[in-house]
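The block underneath contains the structure these notes are about, expressed in structure tokens.
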Amino acid sequence: MIVTLTANPSLDRTVMLPAALQVGDVQSAASAREDAGGKGINVARAITAAGEECTAVLPLAIGDPFAAALREAALHTHRVAVAGHVRANLAITDPAGVTTKLNLPGAELSADEVGAVIDAVVAASAGARWLVLAGSLPPGAGDDFYVRAMRAVRTAHGDAAPLIAVDTSGPALTAVVADGRPDLIKPNDDELSELAGTTIEHADAGAIADIARSIVPARAGAALVTLGARGALLVEGGGAWAASPPPIQVVSTVGAGDSSLAGYVLAATRGAGPDERLRLAVRYGAAAASLPGTQAPAPADLPTGDVPVTRLA
Ligand SMILES: O=P(O)(O)OC[C@@]1(O)O[C@H](CO)[C@@H](O)[C@@H]1O
């Protein structure tokens, strides 16, 4: 069983344009869609669609319209009643696959609500193999929220505690790497650059792996570094691997990283080795990028093209 936590869910609105976005102009849109989003929700949707048992923990006010979008996602959820309503995030996509994203901060959580969310994660993760903590933190949670959640889960479940994956950014990611020692982090190129205090924009796979090694394995068990159209890297104590994506038509990149993480966790749960974990991560990320809006891929959506994986020195 796999548990995800989305401390800051979002109703994802996607507006699809028939041409490139013209900032400052009025444009007619071709169509629009809404999806229940937030990183942990997206991970849970891909895992559930693959037939694995999964619970998505989230704060949700009674009567929040987000509940209707969640119903459509058909997820098993553990909801913590809070006062504030779920934010709405906006994505604008065009026929060339260019995605523009506007994310709101989310409603503030009170100290009691923060404590209730952590208690819910501890309860939901009893017997789980993986716990995925994903997304930005809402105001009020505190930068150390994920560290607190990880400590609470590990203290409560001891040797039976799940492996913990964290996908976040900024001070929340810095805190997790400084004080949490997650089993897996999933930075993208910007997040790894910020974490390591260097830029990886023009670095090749070997150089990126070396940068990840400044964190792995001392401060995180492994790093799945997603690089968009360049593929992804997996760095762990035993080695580093790079994978290139299969050819796809990009429709919306929203949720591609979440689906990569879902693919990784699915493969890990099934006992796959590092190269297969990385390959499935890249296939899931590519599948998500080829779907509109924040749709999470099902196994039937996975691209059939080759995903070459190479071991790095
Ligand atoms: O503000 P955060 O939590 O960093 O990102 C939120 C978000 O962009 O992440 C998902 C895609 O990864 C979307 O469903 C959602 O809108």
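All ligand and atom numbering here is 1-based and tracks the order in the structure.
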Legend entry - Under 4.0 Å to a heavy atom of Gly38 - the qualifying atoms of ligand 1, by number: 13 (C), 14 (O), 15 (C)
Inset, instruction - Under 4.0 Å, heavy atoms only, figure out whether ligand 1 is touched by the backbone of Asn42, its side chain, both or neither. - result: side chain
Legend entry - Which atom of Ala134 lies closest to which atom of Lys39, heavy atoms considered: CB-CB, 3.6 Å
Legend entry - For atom 12 (O) of ligand 1, the protein heavy atom that lies nearest, with its residue and separation: Asp258 OD2, 2.7 Å
Inset, instruction - Ignoring hydrogens, just give me the one of Leu11, Thr294, Asp12 whose non-hydrogen atom is nearest atom 14 (O) of ligand 1. - result: Asp12
Legend entry - Proximal ligand 1 atoms for Ser136, defined as those under 4.0 Å from one of its heavy atoms: 1 (O), 2 (P), 3 (O), 4 (O)
Inset, instruction - Would you mind running through ligand 1 and noting each atom that sits below 4.0 Å from a heavy atom of Asn89? - result: 6 (C), 15 (C), 16 (O)
Inset, instruction - Run the numbers for me: atoms of ligand 1, each under 4.0 Å from some heavy atom of Gly135, listed by number. - result: 3 (O)
Inset, instruction - Compute the minimum heavy-atom distance from Gly255 to ligand 1 and say whether it is under 4.0 Å. - result: yes
Legend entry - Residue portion contacting ligand 1 (non-hydrogen atoms closer than 4.0 Å) for Ser10: side chain
Inset, instruction - Show which atoms of ligand 1 fall inside a sub-4.0 Å distance from at least one heavy-atom site of Arg87. - result: 1 (O), 2 (P), 3 (O), 6 (C)
Legend entry - Side-chain donor or acceptor of Asp258 paired with backbone N/O of Asn42 under 3.5 Å: no
Legend entry - Side-chain ion pair, Arg270 and Glu276, N-O less than 4.0 Å: no
Inset, instruction - Identify which of Arg13, Lys39, Arg45, Lys101 has a heavy atom lying nearest to atom 4 (O) of ligand 1. - result: Lys39
Inset, instruction - Can you establish whether the number of heavy atoms outside Ile62 located under 6.0 Å from its atom CD1 is more than 12? - result: no
